[in-house]
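Okay, structure first, notes after.
Here is the naming used below: chain letters follow the sequence lines, and residue numbers restart at 1 for every chain.
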Amino acid sequence: GAVVSQHPSWVICKSGTSVKIECRSLDFQATTMFWYRQFPKQSLMLMATSNEGSKATYEQGVEKDKFLINHASLTLSTLTVTSAHPEDSSFYICSASETAYEQYFGPGTRLTVT
Amino acid sequence: GQQLNQSPQSMFIQEGEDVSMNCTSSSIFNTWLWYKQDPGEGPVLLIALYKAGELTSNGRLTAQFGITRKDSFLNISASIPSDVGIYFCAGQAVGDAGKSTFGDGTTLTVKP
């Protein structure tokens, strides 16, 4: 149980284009989903928290117009990186929580912007 | 905001040895979580702790929620090569709506 999927697992895009990453909870309903960014050999950096049907709450320093988050249903959240630039290249990981205690992570999406 | 200090930063051990790592916080948490991350993958939840003093095992892994609620440790007994990876602690404070603060991770290398 508690399986979270992410799609795509990796993506290469050109500078200036937008990329959408999907996060799905496959066998439970996620009241809350979280989006993280991780640089090589570093810890997870929380970008935003999203609850189904409401606007995401962004962490300080994260541009909400740059990283658009939509939590359309209890099993799906999407992160869109708009007008991507090379500095946006990173490993993006989502997590989903049903109980507000344990978070279950997706396998991550490797974004490379050329 | 809350900060977690996780130590050691890295460990190189021989297969069969026991391992211990810990996290300390400047503030009180009401939940401690331990995760393992393999390269290129998302973290996997190993153990969740909800009460001060709680000691929980998952196979060869044992974790404890410190009495002061400001620390937690994870022990791995009889390490094997597949234990290699990065271990993260995470804490949740009251009123944080499920948000976790993560430690910087402990990178474990196991030599056969």
* Structure fact -> Whatever's closer than 4.5 Å to a heavy atom in chain A on B:Phe102 counts as both
* To do: Against chain A, label B:Gln6 side chain, backbone, both or neither, depending on which of its atoms sit under 4.5 Å from a heavy atom there.
  => neither
* Asked: Hey, does B:Ser100 have a side-chain heavy atom less than 4.5 Å from the side chain of A:Leu46?
  -> no
* Should B:Leu33 and A:Gln103 count as side-chain neighbours, where that means a heavy-atom distance under 4.5 Å? -> no
Any chance you could measure [X], atom [atom1], to [Y], atom [atom2], to the nearest 0.5 Å?
X	Y	atom1	atom2	value
B:Phe88	A:Phe105	CZ	CZ	9.0 Å
B:Asp104	A:Gln42	CG	CD	8.5 Å
B:Thr107	A:Lys41	OG1	NZ	7.0 Å

Over all heavy atoms of both residues, which pair between [X] and [Y] is shortest? Give the atoms and the distance, please.
X	Y	answer
A:Ser43	B:Gly103	OG-O, 2.6 Å
A:Phe34	B:Lys99	CE2-CG, 3.7 Å
B:Glu41	A:Phe91	O-CE2, 3.7 Å

* **Largest heavy-atom contact set with chain B, pairs under 4.5 Å, which of A:Arg110, A:Gln38, A:Gln6** => A:Gln38
* Would A:Leu44 end up clustered with A:Tyr92 when hydrophobic side chains under 4.5 Å apart are linked, directly or stepwise? -> no
